[in-house]
Amino acid sequence: MIMNNKLNLSDLFQELAEKSGLNKTSAELFAKTFFAQIEEGLLQDGIVKINGWGTFKVLWNEARKSVNINTGEEIIIPGHSRITFTPEQDIKDRINEPFSYLQPTPLDAQSSLVDEVNEDSRDEHESDSTSVGDTLQKISDDADEIKSLLCDINGDNWMNTGKDDKEETASDAEEKAKEDEIDIDSKEVEVKVEVEEKEEETTVENKDEDTTLVTPEEETTTLSEELAPESSPAEETPQLTTDNSCDQPRHKGWKIVIGVAASLLLVLAGAYFYATYRVEQWAKKTIALAQDTVATQQDTVEEPDTTVCADTVQVNTLTPPTSYTHFVDTVQLTEGSRLAWLAKKYYGSAFFWVYIYEANIDNIPDPNEIPVGTIIKIPALPQELINPLDTNCIKLAKQIQEKHIQ
Amino acid sequence: MNSKEFTQRMTNTTSFKKEMVENCTRQLVDIITAHLCDGDSLSIQGFGTFEVRKKNERVSVHPKTQQRMLIPPKLTLNFKHSNTMKDKLMKKEA
(Lines give C-alpha, C1' and ligand atoms only; values in the text may rest on other atoms or scores of the structure.)
Protein backbone atom coordinates (compact mmCIF):
# COMPACT_ATOMS: atom_id res chain seq x y z
CA MET A 1 0.00 0.00 0.00
CA ILE A 2 1.48 3.30 -0.99
CA MET A 3 1.04 5.87 1.70
CA ASN A 4 0.26 9.12 0.00
CA ASN A 5 -0.41 11.52 2.80
CA LYS A 6 -0.53 11.76 6.48
CA LEU A 7 -3.62 13.67 7.41
CA ASN A 8 -4.34 15.22 10.74
CA LEU A 9 -7.36 16.67 12.44
CA SER A 10 -6.97 20.16 10.99
CA ASP A 11 -7.07 18.81 7.42
CA LEU A 12 -10.16 16.98 8.42
CA PHE A 13 -12.18 19.85 9.81
CA GLN A 14 -11.17 22.14 6.99
CA GLU A 15 -12.63 19.69 4.55
CA LEU A 16 -15.65 19.23 6.73
CA ALA A 17 -16.22 22.98 6.73
CA GLU A 18 -16.10 23.06 2.93
CA LYS A 19 -18.46 20.14 2.58
CA SER A 20 -21.07 20.79 5.21
CA GLY A 21 -21.25 24.56 4.89
CA LEU A 22 -20.38 25.08 8.53
CA ASN A 23 -17.99 27.84 9.38
CA LYS A 24 -14.49 26.83 10.26
CA THR A 25 -14.75 27.27 13.98
CA SER A 26 -17.88 25.15 14.28
CA ALA A 27 -16.36 22.49 12.05
CA GLU A 28 -13.26 22.45 14.21
CA LEU A 29 -15.36 22.28 17.32
CA PHE A 30 -17.40 19.46 15.90
CA ALA A 31 -14.45 17.36 14.77
CA LYS A 32 -12.63 17.81 18.05
CA THR A 33 -15.68 16.95 20.11
CA PHE A 34 -16.34 13.98 17.89
CA PHE A 35 -13.10 12.25 18.85
CA ALA A 36 -13.18 13.53 22.41
CA GLN A 37 -16.62 11.97 22.84
CA ILE A 38 -15.45 8.66 21.44
CA GLU A 39 -12.57 8.71 23.85
CA GLU A 40 -14.82 9.54 26.75
CA GLY A 41 -17.26 6.85 25.82
CA LEU A 42 -14.47 4.30 25.57
CA LEU A 43 -13.12 5.15 28.95
CA GLN A 44 -16.60 5.06 30.39
CA ASP A 45 -18.27 2.07 28.74
CA GLY A 46 -15.43 0.43 26.90
CA ILE A 47 -17.45 0.47 23.67
CA VAL A 48 -18.63 3.17 21.29
CA LYS A 49 -20.80 2.43 18.32
CA ILE A 50 -21.25 4.94 15.54
CA ASN A 51 -23.83 4.15 12.93
CA GLY A 52 -22.50 4.25 9.40
CA TRP A 53 -18.93 3.91 10.52
CA GLY A 54 -18.11 1.19 13.01
CA THR A 55 -17.44 0.19 16.56
CA PHE A 56 -14.63 1.15 18.89
CA LYS A 57 -13.95 -1.31 21.63
CA VAL A 58 -11.55 -1.61 24.52
CA LEU A 59 -10.09 -5.08 24.79
CA TRP A 60 -7.94 -6.51 27.55
CA ASN A 61 -4.72 -8.23 26.58
CA GLU A 62 -3.67 -10.74 29.24
CA ALA A 63 -0.15 -10.67 30.57
CA ARG A 64 2.05 -13.14 28.77
CA LYS A 65 5.54 -14.49 28.87
CA SER A 66 8.03 -13.51 26.29
CA VAL A 67 11.77 -13.49 25.68
CA ASN A 68 13.99 -10.49 25.45
CA ILE A 69 15.35 -10.83 21.95
CA ASN A 70 18.70 -9.27 22.86
CA THR A 71 19.53 -11.11 26.06
CA GLY A 72 17.39 -14.22 25.73
CA GLU A 73 16.07 -13.47 29.16
CA GLU A 74 12.50 -14.44 29.97
CA ILE A 75 10.26 -11.46 30.61
CA ILE A 76 6.60 -11.03 31.36
CA ILE A 77 4.62 -8.58 29.29
CA PRO A 78 2.05 -7.13 31.64
CA GLY A 79 -1.61 -7.18 30.73
CA HIS A 80 -2.87 -4.06 28.99
CA SER A 81 -5.89 -2.62 27.29
CA ARG A 82 -6.04 -1.84 23.62
CA ILE A 83 -8.59 -0.20 21.44
CA THR A 84 -9.93 -1.97 18.40
CA PHE A 85 -11.97 -0.49 15.65
CA THR A 86 -14.29 -2.65 13.58
CA PRO A 87 -15.65 -0.80 10.57
CA GLU A 88 -19.10 -1.59 9.25
CA GLN A 89 -19.40 -3.84 6.21
CA ASP A 90 -20.06 -0.82 3.98
CA ILE A 91 -16.84 0.86 4.95
CA LYS A 92 -14.92 -2.40 4.66
CA ASP A 93 -16.22 -2.86 1.14
CA ARG A 94 -15.31 0.67 0.19
CA ILE A 95 -11.76 0.25 1.50
CA ASN A 96 -11.33 -3.10 -0.20
CA GLU A 97 -12.76 -1.94 -3.51
CA PRO A 98 -9.51 -2.40 -5.52
CA PHE A 99 -9.50 -6.10 -4.63
CA SER A 100 -13.25 -6.61 -4.49
CA TYR A 101 -13.28 -8.68 -7.68
CA LEU A 102 -11.18 -11.42 -6.07
CA GLN A 103 -12.95 -14.43 -4.69
CA PRO A 104 -11.62 -17.25 -2.53
CA THR A 105 -10.82 -20.21 -4.74
CA PRO A 106 -10.55 -23.84 -3.72
CA LEU A 107 -7.13 -25.40 -4.21
CA ASP A 108 -6.06 -28.95 -4.87
CA ALA A 109 -4.50 -30.59 -1.84
CA GLN A 110 -0.97 -30.30 -3.15
CA SER A 111 1.80 -28.80 -1.16
CA SER A 112 3.59 -27.69 -4.34
CA LEU A 113 0.72 -25.43 -5.14
CA VAL A 114 0.92 -23.85 -1.76
CA ASP A 115 4.58 -23.11 -2.30
CA GLU A 116 3.80 -21.51 -5.61
CA VAL A 117 1.16 -19.40 -4.01
CA ASN A 118 3.54 -18.25 -1.35
CA GLU A 119 6.07 -17.30 -3.95
CA ASP A 120 3.43 -15.44 -5.85
CA SER A 121 2.60 -13.41 -2.85
CA ARG A 122 6.22 -12.45 -2.42
CA ASP A 123 6.83 -11.08 -5.87
CA GLU A 124 3.37 -10.67 -7.15
CA HIS A 125 4.02 -8.25 -9.96
CA GLU A 126 6.96 -10.04 -11.48
CA SER A 127 5.36 -13.44 -11.65
CA ASP A 128 2.15 -11.92 -12.93
CA SER A 129 3.80 -10.15 -15.80
CA THR A 130 5.86 -13.13 -16.89
CA SER A 131 2.98 -15.54 -16.78
CA VAL A 132 0.80 -13.15 -18.73
CA GLY A 133 3.56 -12.73 -21.28
CA ASP A 134 3.90 -16.48 -21.62
CA THR A 135 0.22 -17.05 -22.14
CA LEU A 136 0.03 -14.21 -24.61
CA GLN A 137 2.92 -15.67 -26.54
CA LYS A 138 1.23 -19.04 -26.56
CA ILE A 139 -2.05 -17.58 -27.71
CA SER A 140 -0.43 -15.71 -30.58
CA ASP A 141 1.42 -18.85 -31.60
CA ASP A 142 -1.81 -20.80 -31.61
CA ALA A 143 -3.49 -18.04 -33.57
CA ASP A 144 -0.79 -18.15 -36.22
CA GLU A 145 -1.11 -21.86 -36.58
CA ILE A 146 -4.88 -21.76 -36.83
CA LYS A 147 -4.66 -18.97 -39.35
CA SER A 148 -2.32 -20.89 -41.59
CA LEU A 149 -4.54 -23.96 -41.32
CA LEU A 150 -7.63 -22.01 -42.25
CA CYS A 151 -5.90 -20.29 -45.09
CA ASP A 152 -4.71 -23.54 -46.48
CA ILE A 153 -8.02 -25.28 -46.22
CA ASN A 154 -9.95 -22.49 -47.83
CA GLY A 155 -8.12 -20.42 -50.40
CA ASP A 156 -10.68 -17.65 -50.03
CA ASN A 157 -9.21 -16.77 -46.70
CA TRP A 158 -6.07 -15.64 -48.38
CA MET A 159 -8.15 -13.13 -50.21
CA ASN A 160 -9.70 -11.85 -47.05
CA THR A 161 -6.45 -11.49 -45.20
CA GLY A 162 -4.71 -9.98 -48.17
CA LYS A 163 -7.40 -7.47 -48.97
CA ASP A 164 -6.46 -4.89 -46.38
CA ASP A 165 -2.84 -4.91 -47.42
CA LYS A 166 -3.86 -4.51 -50.98
CA GLU A 167 -6.05 -1.54 -50.28
CA GLU A 168 -3.37 0.08 -48.23
CA THR A 169 -0.76 -0.27 -50.90
CA ALA A 170 -3.16 0.98 -53.51
CA SER A 171 -3.89 4.13 -51.54
CA ASP A 172 -0.18 4.52 -50.89
CA ALA A 173 0.50 4.32 -54.56
CA GLU A 174 -2.16 6.91 -55.23
CA GLU A 175 -0.63 9.29 -52.78
CA LYS A 176 2.74 8.73 -54.25
CA ALA A 177 1.42 9.40 -57.70
CA LYS A 178 -0.17 12.62 -56.52
CA GLU A 179 3.06 13.80 -55.03
CA ASP A 180 4.87 13.02 -58.19
CA GLU A 181 2.45 15.03 -60.24
CA ILE A 182 2.80 17.99 -57.92
CA ASP A 183 6.52 17.62 -58.17
CA ILE A 184 6.48 17.95 -61.88
CA ASP A 185 4.05 20.83 -61.73
CA SER A 186 6.16 22.83 -59.37
CA LYS A 187 9.27 22.27 -61.41
CA GLU A 188 7.34 23.52 -64.41
CA VAL A 189 8.90 21.21 -66.86
CA GLU A 190 8.50 22.71 -70.23
CA VAL A 191 8.53 19.97 -72.77
CA LYS A 192 7.53 16.40 -72.67
CA VAL A 193 8.88 13.63 -74.81
CA GLU A 194 7.11 10.37 -74.89
CA VAL A 195 9.20 7.41 -75.71
CA GLU A 196 7.51 4.13 -76.29
CA GLU A 197 8.87 0.96 -77.57
CA LYS A 198 6.17 0.67 -80.16
CA GLU A 199 7.60 2.32 -83.19
CA GLU A 200 4.37 3.84 -84.43
CA GLU A 201 3.92 5.84 -81.34
CA THR A 202 7.47 7.03 -81.27
CA THR A 203 7.07 8.42 -84.74
CA VAL A 204 3.93 10.22 -83.64
CA GLU A 205 5.82 11.63 -80.74
CA ASN A 206 8.58 12.84 -82.96
CA LYS A 207 6.03 14.60 -85.12
CA ASP A 208 4.71 16.32 -82.06
CA GLU A 209 8.13 17.47 -81.22
CA ASP A 210 8.59 19.05 -84.58
CA THR A 211 5.24 20.73 -84.94
CA THR A 212 5.10 21.96 -81.32
CA LEU A 213 1.35 21.56 -81.25
CA VAL A 214 -0.37 21.25 -77.95
CA THR A 215 -3.56 19.38 -78.75
CA PRO A 216 -2.19 16.33 -80.49
CA GLU A 217 0.21 15.80 -77.69
CA GLU A 218 -2.60 15.94 -75.22
CA GLU A 219 -4.41 13.29 -77.13
CA THR A 220 -1.45 11.06 -77.27
CA THR A 221 -0.77 11.41 -73.61
CA THR A 222 -4.30 10.52 -72.71
CA LEU A 223 -4.10 7.65 -75.11
CA SER A 224 -0.93 6.37 -73.63
CA GLU A 225 -2.24 6.75 -70.12
CA GLU A 226 -5.30 4.76 -70.99
CA LEU A 227 -3.22 2.19 -72.66
CA ALA A 228 -0.89 1.79 -69.76
CA PRO A 229 -3.11 0.15 -67.16
CA GLU A 230 -4.99 -1.95 -69.66
CA SER A 231 -1.93 -3.51 -71.12
CA SER A 232 -1.75 -7.12 -70.07
CA PRO A 233 0.96 -8.39 -67.77
CA ALA A 234 2.28 -10.46 -70.63
CA GLU A 235 3.31 -7.30 -72.40
CA GLU A 236 6.78 -6.70 -71.21
CA THR A 237 7.05 -3.27 -72.77
CA PRO A 238 7.48 -0.47 -70.28
CA GLN A 239 5.85 2.81 -71.12
CA LEU A 240 8.05 5.69 -70.37
CA THR A 241 7.16 9.26 -69.71
CA THR A 242 10.24 11.36 -69.82
CA ASP A 243 10.74 15.06 -69.71
CA ASN A 244 13.03 17.15 -71.77
CA SER A 245 13.48 20.88 -71.52
CA CYS A 246 12.76 22.83 -74.70
CA ASP A 247 10.71 25.92 -75.52
CA GLN A 248 8.34 28.12 -73.48
CA PRO A 249 4.95 28.30 -75.27
CA ARG A 250 4.14 24.72 -74.50
CA HIS A 251 4.12 25.52 -70.84
CA LYS A 252 0.36 26.03 -70.41
CA GLY A 253 -0.56 23.09 -72.55
CA TRP A 254 1.71 20.94 -70.46
CA LYS A 255 -0.19 21.90 -67.35
CA ILE A 256 -3.43 20.76 -68.87
CA VAL A 257 -1.74 17.59 -69.93
CA ILE A 258 -0.56 17.07 -66.38
CA GLY A 259 -4.09 17.59 -65.05
CA VAL A 260 -5.58 15.05 -67.40
CA ALA A 261 -2.75 12.64 -66.82
CA ALA A 262 -3.04 12.98 -63.07
CA SER A 263 -6.72 12.18 -62.91
CA LEU A 264 -6.36 9.27 -65.28
CA LEU A 265 -3.39 7.96 -63.42
CA LEU A 266 -5.19 8.13 -60.12
CA VAL A 267 -8.29 6.39 -61.35
CA LEU A 268 -6.92 3.81 -63.73
CA ALA A 269 -3.31 3.22 -62.82
CA GLY A 270 -3.45 3.41 -59.03
CA ALA A 271 -2.45 -0.13 -58.30
CA TYR A 272 -0.11 -0.44 -61.27
CA PHE A 273 1.77 2.58 -60.12
CA TYR A 274 3.45 0.88 -57.26
CA ALA A 275 7.01 0.73 -58.52
CA THR A 276 9.62 -1.10 -56.55
CA TYR A 277 13.00 0.35 -55.96
CA ARG A 278 14.62 -2.08 -58.30
CA VAL A 279 12.26 -1.28 -61.10
CA GLU A 280 12.78 2.41 -60.53
CA GLN A 281 16.46 2.15 -60.99
CA TRP A 282 16.10 0.01 -64.05
CA ALA A 283 13.64 2.52 -65.45
CA LYS A 284 16.03 5.40 -64.82
CA LYS A 285 18.62 3.67 -66.91
CA THR A 286 16.18 3.19 -69.75
CA ILE A 287 15.16 6.81 -69.56
CA ALA A 288 18.74 7.90 -69.83
CA LEU A 289 19.13 5.74 -72.89
CA ALA A 290 15.95 7.08 -74.38
CA GLN A 291 17.05 10.62 -73.78
CA ASP A 292 20.29 9.95 -75.55
CA THR A 293 18.53 8.62 -78.59
CA VAL A 294 16.16 11.57 -78.65
CA ALA A 295 19.10 13.91 -78.40
CA THR A 296 20.71 12.40 -81.41
CA GLN A 297 17.49 12.53 -83.40
CA GLN A 298 16.83 16.18 -82.73
CA ASP A 299 19.53 18.76 -83.08
CA THR A 300 17.57 21.42 -81.25
CA VAL A 301 17.39 19.57 -77.99
CA GLU A 302 19.22 21.15 -75.12
CA GLU A 303 20.69 19.38 -72.16
CA PRO A 304 18.49 16.58 -70.95
CA ASP A 305 16.69 17.30 -67.72
CA THR A 306 18.37 15.32 -65.03
CA THR A 307 15.47 15.63 -62.62
CA VAL A 308 13.35 13.19 -64.52
CA CYS A 309 10.80 11.62 -62.33
CA ALA A 310 11.19 7.92 -62.58
CA ASP A 311 8.07 7.30 -60.58
CA THR A 312 5.88 8.13 -63.52
CA VAL A 313 7.16 5.06 -65.25
CA GLN A 314 4.81 2.21 -65.65
CA VAL A 315 6.15 -1.27 -65.85
CA ASN A 316 4.34 -4.51 -66.28
CA THR A 317 7.02 -7.13 -66.24
CA LEU A 318 5.14 -9.94 -64.56
CA THR A 319 4.19 -12.92 -66.61
CA PRO A 320 2.88 -16.08 -65.06
CA PRO A 321 5.02 -18.99 -66.19
CA THR A 322 3.30 -21.08 -68.83
CA SER A 323 5.33 -24.21 -68.33
CA TYR A 324 7.51 -25.47 -65.53
CA THR A 325 10.72 -27.07 -66.69
CA HIS A 326 13.25 -26.29 -64.01
CA PHE A 327 12.81 -27.51 -60.48
CA VAL A 328 14.79 -26.58 -57.42
CA ASP A 329 13.63 -29.40 -55.23
CA THR A 330 11.37 -32.43 -54.94
CA VAL A 331 9.43 -33.00 -51.76
CA GLN A 332 7.34 -35.89 -50.57
CA LEU A 333 4.28 -34.53 -48.85
CA THR A 334 4.22 -35.56 -45.20
CA GLU A 335 1.28 -35.47 -42.88
CA GLY A 336 0.37 -31.93 -41.93
CA SER A 337 2.37 -30.45 -44.77
CA ARG A 338 0.71 -28.13 -47.21
CA LEU A 339 1.45 -26.33 -50.43
CA ALA A 340 1.19 -22.98 -48.69
CA TRP A 341 3.84 -24.06 -46.22
CA LEU A 342 6.10 -25.24 -49.00
CA ALA A 343 5.57 -21.95 -50.78
CA LYS A 344 6.49 -20.05 -47.66
CA LYS A 345 9.58 -22.17 -47.23
CA TYR A 346 10.86 -21.94 -50.78
CA TYR A 347 9.53 -18.58 -52.01
CA GLY A 348 9.11 -16.59 -48.83
CA SER A 349 5.34 -16.13 -49.04
CA ALA A 350 2.47 -18.59 -48.85
CA PHE A 351 0.68 -16.72 -51.61
CA PHE A 352 2.87 -18.35 -54.21
CA TRP A 353 1.55 -21.86 -53.56
CA VAL A 354 -0.35 -21.59 -56.83
CA TYR A 355 2.87 -21.98 -58.78
CA ILE A 356 3.68 -25.20 -57.00
CA TYR A 357 0.15 -26.35 -57.64
CA GLU A 358 0.38 -25.50 -61.33
CA ALA A 359 3.66 -27.34 -61.64
CA ASN A 360 2.18 -30.45 -60.06
CA ILE A 361 -1.34 -30.07 -61.36
CA ASP A 362 -1.29 -33.55 -62.94
CA ASN A 363 -0.64 -35.18 -59.58
CA ILE A 364 -3.04 -33.08 -57.53
CA PRO A 365 -6.74 -33.52 -58.22
CA ASP A 366 -7.80 -31.23 -55.37
CA PRO A 367 -5.35 -28.70 -53.90
CA ASN A 368 -7.28 -28.65 -50.65
CA GLU A 369 -6.88 -32.37 -50.10
CA ILE A 370 -3.56 -33.70 -51.23
CA PRO A 371 -2.89 -37.30 -50.13
CA VAL A 372 0.10 -37.85 -47.90
CA GLY A 373 3.10 -39.16 -49.79
CA THR A 374 2.42 -37.22 -52.98
CA ILE A 375 5.63 -36.20 -54.68
CA ILE A 376 5.69 -32.43 -55.05
CA LYS A 377 8.15 -30.76 -57.39
CA ILE A 378 9.12 -27.26 -56.43
CA PRO A 379 9.51 -25.25 -59.63
CA ALA A 380 12.26 -22.70 -60.09
CA LEU A 381 10.66 -19.30 -60.51
CA PRO A 382 12.17 -15.98 -61.60
CA GLN A 383 12.97 -13.83 -58.61
CA GLU A 384 10.82 -10.87 -59.71
CA LEU A 385 7.77 -13.14 -59.83
CA ILE A 386 8.04 -14.26 -56.22
CA ASN A 387 9.07 -11.11 -54.51
CA PRO A 388 6.98 -11.25 -51.32
CA LEU A 389 7.27 -7.47 -50.91
CA ASP A 390 5.92 -6.70 -54.35
CA THR A 391 2.15 -6.29 -54.40
CA ASN A 392 2.05 -7.01 -58.12
CA CYS A 393 3.51 -10.46 -57.50
CA ILE A 394 0.97 -11.23 -54.83
CA LYS A 395 -1.81 -9.83 -56.95
CA LEU A 396 -0.84 -12.03 -59.82
CA ALA A 397 -0.65 -15.07 -57.56
CA LYS A 398 -4.12 -14.26 -56.29
CA GLN A 399 -5.46 -13.98 -59.81
CA ILE A 400 -4.11 -17.40 -60.61
CA GLN A 401 -5.48 -18.72 -57.37
CA GLU A 402 -8.94 -17.39 -58.16
CA LYS A 403 -8.80 -19.06 -61.52
CA HIS A 404 -8.03 -22.41 -59.92
CA ILE A 405 -10.64 -22.12 -57.24
CA GLN A 406 -13.34 -21.51 -59.80
CA MET B 1 -22.31 3.63 24.37
CA ASN B 2 -24.37 3.17 21.27
CA SER B 3 -24.92 5.53 18.41
CA LYS B 4 -27.98 7.15 19.91
CA GLU B 5 -26.21 8.03 23.11
CA PHE B 6 -23.25 9.26 21.16
CA THR B 7 -25.42 11.64 19.13
CA GLN B 8 -27.11 12.81 22.32
CA ARG B 9 -23.77 13.64 23.89
CA MET B 10 -22.62 15.42 20.81
CA THR B 11 -25.71 17.62 20.78
CA ASN B 12 -25.14 18.44 24.42
CA THR B 13 -21.50 19.40 24.07
CA THR B 14 -21.62 21.21 20.72
CA SER B 15 -25.11 22.68 21.09
CA PHE B 16 -25.82 21.62 17.51
CA LYS B 17 -29.19 20.24 16.62
CA LYS B 18 -29.58 16.49 16.49
CA GLU B 19 -30.07 16.43 12.70
CA MET B 20 -27.09 18.66 12.33
CA VAL B 21 -24.95 16.30 14.38
CA GLU B 22 -26.11 13.28 12.42
CA ASN B 23 -25.49 15.04 9.14
CA CYS B 24 -22.03 16.19 10.18
CA THR B 25 -21.12 12.75 11.50
CA ARG B 26 -22.09 11.21 8.19
CA GLN B 27 -20.04 13.74 6.28
CA LEU B 28 -17.04 13.41 8.54
CA VAL B 29 -17.10 9.64 8.19
CA ASP B 30 -17.43 10.02 4.45
CA ILE B 31 -14.42 12.33 4.27
CA ILE B 32 -12.33 10.00 6.40
CA THR B 33 -13.27 6.94 4.36
CA ALA B 34 -12.60 8.73 1.08
CA HIS B 35 -9.12 9.70 2.22
CA LEU B 36 -8.40 6.23 3.47
CA CYS B 37 -9.49 4.79 0.15
CA ASP B 38 -6.95 7.03 -1.55
CA GLY B 39 -4.28 5.46 0.61
CA ASP B 40 -3.90 8.36 3.00
CA SER B 41 -3.49 7.74 6.67
CA LEU B 42 -5.21 9.82 9.30
CA SER B 43 -3.74 10.48 12.70
CA ILE B 44 -5.76 12.19 15.39
CA GLN B 45 -3.60 13.57 18.08
CA GLY B 46 -4.30 12.06 21.48
CA PHE B 47 -6.56 9.46 19.95
CA GLY B 48 -4.93 7.23 17.39
CA THR B 49 -4.13 6.55 13.74
CA PHE B 50 -6.31 5.14 11.00
CA GLU B 51 -4.62 3.54 8.06
CA VAL B 52 -5.28 1.04 5.31
CA ARG B 53 -3.14 -2.05 5.19
CA LYS B 54 -2.87 -4.74 2.61
CA LYS B 55 -3.33 -8.29 3.79
CA ASN B 56 -1.56 -10.73 1.52
CA GLU B 57 -3.32 -13.68 0.06
CA ARG B 58 -3.07 -16.89 2.02
CA VAL B 59 -4.16 -20.47 1.96
CA SER B 60 -6.69 -21.46 4.55
CA VAL B 61 -7.77 -25.00 5.29
CA HIS B 62 -11.29 -25.86 6.23
CA PRO B 63 -10.89 -27.74 9.52
CA LYS B 64 -13.62 -30.27 8.82
CA THR B 65 -13.37 -30.94 5.09
CA GLN B 66 -9.64 -30.22 4.80
CA GLN B 67 -10.51 -28.21 1.74
CA ARG B 68 -7.74 -25.77 0.90
CA MET B 69 -8.88 -22.32 -0.09
CA LEU B 70 -6.84 -19.51 -1.51
CA ILE B 71 -7.98 -16.37 0.24
CA PRO B 72 -7.32 -13.38 -2.01
CA PRO B 73 -5.42 -10.32 -0.79
CA LYS B 74 -7.49 -7.55 0.71
CA LEU B 75 -7.26 -4.07 2.07
CA THR B 76 -8.33 -3.51 5.62
CA LEU B 77 -8.81 -0.46 7.78
CA ASN B 78 -6.57 -0.49 10.81
CA PHE B 79 -6.75 1.60 13.92
CA LYS B 80 -3.88 2.00 16.31
CA HIS B 81 -4.45 3.96 19.49
CA SER B 82 -1.95 6.62 20.42
CA ASN B 83 0.34 6.54 23.42
CA THR B 84 -1.64 9.18 25.29
CA MET B 85 -4.70 7.05 24.82
CA LYS B 86 -2.84 4.05 26.13
CA ASP B 87 -1.76 5.96 29.22
CA LYS B 88 -5.32 7.03 29.84
CA LEU B 89 -6.50 3.47 29.57
CA MET B 90 -3.75 2.32 31.95
CA LYS B 91 -4.76 4.97 34.43
CA LYS B 92 -8.33 3.78 34.27
CA GLU B 93 -7.23 0.19 34.89
CA ALA B 94 -5.21 1.20 37.86
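Each chain gets a letter, A, B and so on, in the order its sequence line appears, and its residues count up from 1.
Using a 4.5 Å cut-off between heavy atoms, B/V21 touches chain A through backbone and side chain atoms alike. With a threshold of 4.5 angstrom between heavy atoms, A/E97 does not approach chain B through any atom at all. Of the two parts of B/L42, the backbone and the side chain both hold a non-hydrogen atom closer than 4.5 Å to a non-hydrogen atom of chain A. For chain A, no part of B/E22 is nearby; none of its heavy atoms comes within less than 4.5 Å. Looking at A/S26, both its backbone and its side chain come within 4.5 Å of chain B, counting heavy atoms on both sides. If you measure heavy-atom distances from B/K92 to chain A, the contacts under 4.5 Å come from the side chain alone. Looking at B/T7, neither its backbone nor its side chain comes within 4.5 Å of chain A, counting heavy atoms on both sides.
Within residues 41-58 of chain A, the residues having any heavy atom under 4.5 Å from a heavy atom of chain B are, by residue number, A/G41, A/L42, A/L43, A/Q44, A/D45, A/I47, A/V48, A/K49, A/I50, A/N51, A/G52, A/W53, A/F56, A/V58. Of all residues spanning residues 81-92 of chain A, those with a heavy atom less than 4.5 Å away from chain B's heavy atoms are A/S81, A/R82, A/I83, A/F85, A/P87, A/I91, arranged by number.
Most heavy-atom pairs under 4.5 Å with chain A: of the set B/E5, B/R26, B/K91, B/K74, this distinction falls to B/K74. Between chain A and the options B/R9, B/K80, B/K4, heavy-atom pairs under 4.5 Å are most frequent for B/R9. If you tally non-hydrogen atom pairs under 4.5 Å between each of B/T14, B/I44, B/I71 and chain A, the highest count goes to B/I44. Of all the listed residues (B/H62, B/K88, B/M90), the one sharing the greatest number of non-hydrogen pairs under 4.5 Å with chain A is B/K88.
The distance from the CE atom of B/M69 to the CD atom of A/Q103 is 9.5 Å, given to the nearest 0.5 Å. A/L29 contributes atom CG, which lies 10.5 Å from atom SG of B/C24 (distance to the nearest 0.5 angstrom). The structure places CG of B/N12 at 8.5 Å from CD of A/Q37, a figure rounded to the nearest 0.5 Å. Note that CD of A/E18 is 8.5 Å distant from CD1 of B/I31, once rounded to the nearest 0.5 Å. Here B/K55 contributes atom NZ and A/N96 contributes atom CG; the two are 11.5 Å apart, rounded to the nearest 0.5 Å.
Two residues are said to be in side-chain contact when any heavy atoms from C-beta on lie closer than 4.5 Å; A/L102 and B/P73 meet this criterion. Put simply, the side chain of A/L7 does not reach to within 4.5 Å of the side chain of B/S43, judged on heavy atoms. In this structure, A/F34 and B/F6 have side chains that are in contact, with non-hydrogen atoms separated by less than 4.5 Å. A heavy-atom distance below 4.5 Å is not found between the side chains of B/L70 and A/P104. With a 4.5 Å cut-off on side-chain heavy atoms, A/L9 and B/Q45 do not count as touching. B/M20 places none of its side-chain heavy atoms less than 4.5 Å from the side chain of A/F30.
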For B/M85 and A/E39: C-alpha separation, side-chain torsions, deciding distance, then whether side-chain contact (heavy atoms from CB on, under 4.5 Å) applies.
CA-CA 8 Å; B/M85 195 71 189; A/E39 194 182 318; 3.2 Å; yes
_Determine whether B/D40 and A/K6 satisfy the following criterion, side-chain contact (heavy atoms from CB on, under 4.5 Å), listing intermediate values before the conclusion._
CA-CA 6 Å; B/D40 299 344; A/K6 253 190 142 154; over 6 Å; no
Please lay out, stage by stage, how B/T76 and A/I95 fare under the test side-chain contact (heavy atoms from CB on, under 4.5 Å).
CA-CA 7 Å; B/T76 55; A/I95 299 282; 5.9 Å; no
Next on the checklist: Determine whether B/Q27 and A/L16 satisfy the following criterion, side-chain contact (heavy atoms from CB on, under 4.5 Å), listing intermediate values before the conclusion.
Outcome noted: CA-CA 7 Å; B/Q27 288 199 356; A/L16 178 68; 4.0 Å; yes
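Under a 4.0 Å N-O distance rule, the pair A/R94/B/D30 qualifies as a salt bridge.
For A/K19, the NZ atom is densely surrounded, since the number of other residues' heavy atoms within 6.0 Å is greater than 12.
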